[in-house]
Amino acid sequence: MATSDGPGIGDLAVEMGMCGLCALRFAGCRYAPSYLTPWAALKLPPREEAPCLICLGVLQWVRTPDALEAIAAKVAAGGRTFSSFNVAVSHPVHIAIREQAAWLHLKSLLPDRITSDRPGTKVPTVKDAMRYTLVEPLAKLLEKPASLSGEGLEISITFSHAPTADEWRAIQRARPDACRSSKKRRGGSKQAEITTPSQTVVDMVLDSVGANLTKHASVPPAKIADGTGAPAVRLNHTPLWLAGRYIKLSRTLSQSPWHIEGEGFRTESSTEQELTGPITARYNPAAIKFTASGREDVDVRMLGTGRPFMLELIDSKKHVITAAELAEISDEINSKPDAVVLVRDLQAVERADTETLKDGETSKTKTYSCVVWVERDPTDDELCGLDVTDGVVINQDTPIRVLHRRTNMSRPRTVHWIKYTRLKPNFLKLWLATQAGTYIKEFVHGDFGRTTPNVGTLLGGTCGQVDILSLDVIEVGLDWPPSLEEGGGGGGAVSKAKVGGMAVDEGSAAAADEEVGERKRKAESSEVA
């Protein structure tokens, strides 16, 4: 690395006490194979085996013969299945302070060649050098490809160095304001000292301090007696995402576990538990986050093609999910003799796909059917008030039943259309399509005038009380996830004949599987005595 003009940056770096890989970094080398080159072939001055004063021994550990084997053994002991991996490295933040101190020292020795006060992008980071040195050999050893997108099994490698742990205080001396955080408290904010600053804070301070670092830190950096040694290695799978649609046949099942402090769980199970139980048993994740496109009340069924939902599997021990496995899970859920939750279109999705579910929360249309009681049986002319075909805008104040947890405000909502039929005197069946976020129960009974217009006012306001006896969601107007037709696509596809399709003008599950259909018909027939 020496030139005719004298020693080069790499030579001076080694003389200062840097390891070979840090010398390559300071020389600006970004050619990955060079970081795997034997030391003798690099034509650098002989080095002592003392710990590197810049990386604190991090990169020296990477070049030890047993480093790769140690990581591979940790992966093997984890008993995980995965198709790709990525490496995440964490090292002491004050390495950046030592890098700048070394850079300022080299600048003093080579003023004609080094003009900046910060190494910046000229010097690859320790994490860059780790990637050059570690990833390719580890991929060969694990026989798995490295993921460029950060997906797959995350191998987290954490280095620490207790003897120099307080060196970050050099930036505290340089910029005390940058080492305090504001925490919002009642009555104002409170300043609190940062225990250890983030890499972002350190870089920000170093950018502003520049050459003045010599006033606050040792330049060149002080040598150290011991390096970091072997790091802590932790395995963590990046999240897996599943999506599907669920059908709920029960009027006593909450969507998520319903727990009241001091009373325990109010329901024996929940839709979430019925769906996640078999998935947890097969993939053994640390946790599952369940999200649905809206929610129905405990006493409301979800029929038709079901409600879209997604599951985030956190740190799953198995990271390879096949369509055949999801089909088996779907069959397990749907084949229970007393099943109250069914699933269809269960499939693996990408994280980006889940935005569709979130975007549909406010834009989708929902279709419902409900059985309604009217105190005075309406005449045919009064029923004409329910002939809504072009939409009607209603104003809903926050329902009384949710005032304890929702802001009291007025919300305009659109009822797109209404269809109706008489069941018998004083009883009607309605079908209606509404904007997402409409409170259907309150639209029917009026909520003591907090929802206007409502079914009572549309009937003319002279039929007395109006109440809702049962409510079903029969369609959630969100075309996601993609439908998996029977025999095509696998992935836990469940045919419409299996789960039933609720037609708007029928009010029952069309073409239902004999067993599922019988349960639905019994439930329908019991709505009105």
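Please read all numbers here as calculations on a predicted model, not as lab measurements.
- Scanning both residues, A292 and R307, for their nearest heavy atoms gives CB-CD, 4.1 Å.
- For E69, the CD atom is densely surrounded, since the number of other residues' heavy atoms within 6.0 Å is greater than 12.
- For the pair I288 and P285, the tightest heavy-atom approach, listed with the atom from each and the gap, is CG1-CG, 3.6 Å.
- Using a cut-off of 4.0 Å between Lys/Arg side-chain N and Asp/Glu carboxylate O, E136 and R131 are scored as not salt-bridged.
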Subject >> Pair V201-V93, side-chain contact (heavy atoms from CB on, under 4.5 Å): steps then yes or no >> reply: CA-CA 10 Å; V201 170; V93 295; over 6 Å; no
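- Considering every non-hydrogen atom in both R245 and D345, the closest pair reads CD-OD2, 3.7 Å.
- For the pair Y420 and V372, the minimum side-chain heavy-atom distance is 4.5 Å or more.
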Original post:
Could you walk me through whether K248 and Q255 pass the side-chain contact (heavy atoms from CB on, under 4.5 Å) check?
Top reply: CA-CA 9 Å; K248 190 188 96 170; Q255 187 185 71; over 6 Å; no
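- For the pair D472 and R251, the salt-bridge criterion is met [side-chain N within less than 4.0 Å of a carboxylate O].
- Checking K366 against T438 by side-chain atom types alone, no donor-acceptor pair falls below 3.5 Å.
- Using a 4.5 Å heavy-atom cutoff, the side chains of L430 and V455 are in contact.
- A donor atom on one side chain and an acceptor atom on the other are not found under 3.5 Å apart for Y246 and E272.
- For the residue pair Q396 and R411, no side-chain donor N or O sits within less than 3.5 Å of a side-chain acceptor on the partner.
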**OP:** Given salt bridge (charged side-chain N to carboxylate O under 4.0 Å, His left out), test R351 with E151 step by step and report yes or no.
**Re:** CA-CA 11 Å; R351 179 171 187 167; E151 299 297 322; over 6 Å; no
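- Atoms OG1 and CZ, on T398 and R405 in that order, are 10.5 Å from each other to the nearest 0.5 Å.
- Residues P231 and I157 share a closest heavy-atom pair of CG-CG2, 3.4 Å.
- Atom NZ of K74 has 12 or fewer heavy atoms from other residues, nucleotides or ligands within 6.0 Å.
- Taking 4.5 Å as the limit, some side-chain heavy atom of F290 sits within range of a side-chain heavy atom of L275.
- The salt bridge (Lys or Arg N to Asp or Glu O under 4.0 Å) pairs that include a residue from residues 436-462 are D297-K441, D299-K441, R401-E442, D447-R450, where partners are two or more places apart or lie in different chains.
- A heavy-atom distance below 4.5 Å is found between the side chains of Q347 and L484.
- With a 4.5 Å cut-off on side-chain heavy atoms, L235 and F85 do not count as touching.
- Between F82 and H237, the angle of the ring planes lies from 30° to 60°, which puts this pair in the tilted group.
- Side-chain contact annotation: N454 with T451, donor-acceptor N/O pair under 3.5 Å absent.
- A 6.0 Å sphere centred on CG of N284 holds more than 12 heavy atoms belonging to other residues, nucleotides or ligands.
- Remark: R301 does not engage E296 in a salt bridge, criterion side-chain N to carboxylate O under 4.0 Å.
- Atoms CG and CG, on L303 and L249 in that order, are 6.5 Å from each other to the nearest 0.5 Å.
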**OP:** Begin with the C-alpha distance, continue with both residues' side-chain angles, and end with the deciding distance and a verdict on side-chain hydrogen bond (donor to acceptor under 3.5 Å, both in side chains) for T305 and R344.
**Re:** CA-CA 8 Å; T305 56; R344 59 173 296 155; 5.7 Å; no
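- Here the side chains of H91 and Q199 are in contact, with some heavy-atom distance below 4.5 Å.
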Original post:
Would R376 and E382 count as a salt bridge (charged side-chain N to carboxylate O under 4.0 Å, His left out) if you check the C-alpha gap in whole Å, the side-chain angles of each, and the deciding distance to 0.1 Å?
Top reply: CA-CA 11 Å; R376 179 180 64 75; E382 288 171 328; 2.6 Å; yes
Original post:
Please walk me through it: do L428 and C370 pass side-chain contact (heavy atoms from CB on, under 4.5 Å)?
Top reply: CA-CA 8 Å; L428 307 173; C370 58; over 6 Å; no
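- A salt bridge links E274 to K336: one of the charged nitrogens lies within less than 4.0 Å of a carboxylate oxygen.
- Take T81 and apply the side-chain contact (heavy atoms from CB on, under 4.5 Å) test, not counting sequence neighbours, and it matches K318.
- A distance-only check finds no donor-acceptor pair linking the side chain of T407 to the backbone of M409 [under 3.5 Å].
- A salt bridge links R422 to D380: at least one charged side-chain nitrogen sits closer than 4.0 Å to a carboxylate oxygen.
- Residues S270 and Q273 have side chains that bring a donor and an acceptor to within less than 3.5 angstrom of each other.
- The two atoms that bring I333 and A339 nearest to each other are O-CB, 3.8 Å, heavy atoms only.
- Looking only at side-chain heavy atoms (C-beta outward), T291 and L311 stay at 4.5 Å or farther from each other.
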**OP:** Check step by step if side-chain contact (heavy atoms from CB on, under 4.5 Å) holds for T434 and T365.
**Re:** CA-CA 6 Å; T434 71; T365 297; over 6 Å; no
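- Atom CG of D377 is separated from atom CG of N426 by 4.5 Å, given to the nearest 0.5 angstrom.
- Counting only heavy atoms from C-beta outward, the side chains of R295 and S256 approach each other to under 4.5 Å.
- Between the side chain of D331 and the backbone N or O of E328, no donor-acceptor pair lies under 3.5 Å.
- Smallest separation of non-hydrogen atoms from A433 and T367: CB-OG1, 4.0 Å.
- Separating the CG atom in L142 from the CG atom in L68 is a distance of 9.0 Å, to the nearest 0.5 Å.
- Salt-bridge formation is detected for the pair D315/R80: a Lys NZ or Arg NE/NH1/NH2 atom is positioned less than 4.0 Å from an Asp or Glu carboxylate oxygen.
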